[in-house]
S.K.: 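My questions all concern the structure below.
Order of listing sets the numbers, starting from 1, for every ligand and every atom in it.
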Amino acid sequence: MYSTGSIEELRAAIKAEKLKGKTIGFVPTMGALHEGHLSLVELSRKNCDYTVMSIFVNKIQFNDPGDYAKYPRVPDADLALARNAGVDLVFTPNDEVMYKNPLAFVDVEYLDEELCGAHRPGHFKGVCTVVSKFFNIVQPDIAVFGQKDIQQVIIIEKMVRDLNFPVSIIVAPIIRDADGLAKSSRNIHLSPSERKRALSIHESLQHTAQMIGNGEKNPAVLIEAAADYINRHGTPDSIDYISFVDYNTLHNTDSMQEKSVLAVAAYFGKTRLIDNMIITNGDTITCII
Ligand code: PAF
């Protein structure tokens, strides 16, 4: 495995692989790698000959400077995990390389109005800008994103379509600890008791999936049940949202759509966690948690 913080070196390495006829898979990350990220690498390796990972804590997507400052940074452990996972090339640029008094940004309208977009102003503009830059730098054939950040996935898919990026997006399932907690770089900030209470998020999704299985289709009833479950079993410090949205518009809906998302964001202590399930309503209803 080769790692570099230089755009020129990265481009030269990728060009050499492309000349050999290899296809390029890309996994963007902010480091603090866990099994969720490694599952993205696995998907990239399944679909492409050569896997590039970026590790960059992207300042411009943090609306809260405190959150940016305390975001975990463990470069040595990350490189070891990336190597073990079979990543071929790691891109580790610094702020200076990525942002020199930037005046150009990329934004996707409308899809950021609810969910995390409503609670983290400017967040998705920061994500779309850095992902566009990475797509231009790496020029991958495919890029892999996790379902856990469902709004990010849907916004990136729209950005790719609208701006004609020649890249296919692959969406990887949520990876969970054995007790159901979705893997997240932020989990290390949870105290043992916060972590235990945080299980209520995943359990609330399972509970509502069961209600859906039993025929409940009213989003208001499902939201109420999820909120009630989390409040009773998890006593979160606060809830940013529990929302039922149309997958295609990411706006609240009062009826089950062909594809919908039930999404949760809540604080346990000072740690903000998100989770979701995708509900497809065809001949049968399926909940993807
Ligand atoms: O999902 C993340 O870790 C980040 O939002 C991403 C896609 C690496 C952009 O900084």
Side-chain angles (χ1 to χ4, degrees), residues 5 7 10 25-41 43-44 51-65 67-75 77-78 81-82 85 87 89-95 97-99 102 105-108 111-112 115-117 119-138 140 142-160 163 165 167-175 182-189 250 263 265 271-276:
I7 293 176
L10 183 98
F26 176 52
V27 178
T29 81
M30 297 205 298
L33 302 181
H34 49 69
E35 284 147 63
H37 297 110
L38 304 183
S39 76
L40 308 184
V41 170
L43 269 176
S44 169
T51 292
V52 180
M53 171 187 277
S54 61
I55 299 180
F56 177 64
V57 184
N58 178 37
K59 196 177 201 160
I60 69 163
Q61 74 185 69
F62 286 82
N63 53 310
D64 170 2
D67 190 23
Y68 172 70
K70 76 167 196 203
Y71 201 84
R73 290 159 173 88
V74 284
D78 284 344
L81 282 171
V87 172
L89 173 56
V90 180
F91 182 40
T92 53
N94 59 24
D95 281 345
V97 165
M98 290 299 284
Y99 297 118
F105 299 90
V106 181
D107 208 357
V108 172
L111 296 178
D112 68 347
L115 309 177
C116 290
H119 293 268
R120 303 185 67 186
H123 169 68
F124 287 110
K125 183 176 171 187
V127 170
C128 288
T129 299
V130 81
V131 170
S132 300
K133 285 171 70 70
F134 284 141
F135 284 176
N136 285 331
I137 294 167
V138 176
I142 65 141
V144 193
F145 293 84
Q147 181 196 320
K148 187 166 90 57
D149 297 305
I150 188 69
Q151 189 169 24
Q152 172 170 285
V153 165
I154 293 167
I155 286 178
I156 296 289
E157 282 177 333
K158 181 70 175 147
M159 179 186 88
V160 162
L163 300 182
F165 280 102
V167 53
S168 305
I169 303 299
I170 295 188
V171 184
I174 299 175
I175 301 294
K183 299 263 184 194
S184 164
S185 304
R186 296 172 192 274
N187 290 354
I188 60 159
H189 296 311
L250 288 178
T271 308
R272 183 178 186 274
L273 300 178
I274 57 173
D275 206 336
N276 68 79

S.K.: With a cut-off of 4.0 Å, which atoms of ligand 1 are near a heavy atom of V130?
M.R.: 9 (C), 10 (O)

S.K.: For D95, enumerate each residue passing the salt bridge (Lys or Arg N to Asp or Glu O under 4.0 Å) test, keeping only those at least two apart in sequence or located in another chain.
M.R.: none

S.K.: Is the backbone of S184 close enough, under 3.5 Å, to the side chain of K148 for a donor and an acceptor to pair up by distance?
M.R.: no

S.K.: For residues 152-159, which side-chain donor-acceptor pairs fall under 3.5 Å, sequence neighbours excluded?
M.R.:
{"residue": "K158", "atom": "NZ", "partner": "D162", "partner atom": "OD1", "Å": "3.0"}

S.K.: For Q152, take its heavy atoms, then give the atoms of ligand 1 lying under 4.0 Å from any of them.
M.R.: 1 (O), 2 (C), 4 (C), 5 (O), 7 (C)

S.K.: Hey, are Q151 and D112 close enough side-chain-wise for a donor-acceptor pair under 3.5 Å?
M.R.: no

S.K.: Output the list of atoms in ligand 1 that are nearer than 4.0 Å to some heavy atom of Q61, sorted by atom number.
M.R.: 4 (C), 5 (O), 9 (C), 10 (O)

S.K.: So if I count the atoms of ligand 1 from 1 in the order they appear, which ones are less than 4.0 Å from some heavy atom of P28?
M.R.: 8 (C)

S.K.: State whether the side chain of S185 and the backbone N or O of A32 hold a donor-acceptor pair below 3.5 Å, judged by distance alone.
M.R.: yes

S.K.: To the nearest 0.1 Å, how far is atom 3 (O) of ligand 1 from its closest protein heavy atom, and which atom is that?
M.R.: M30 CG, 3.7 Å

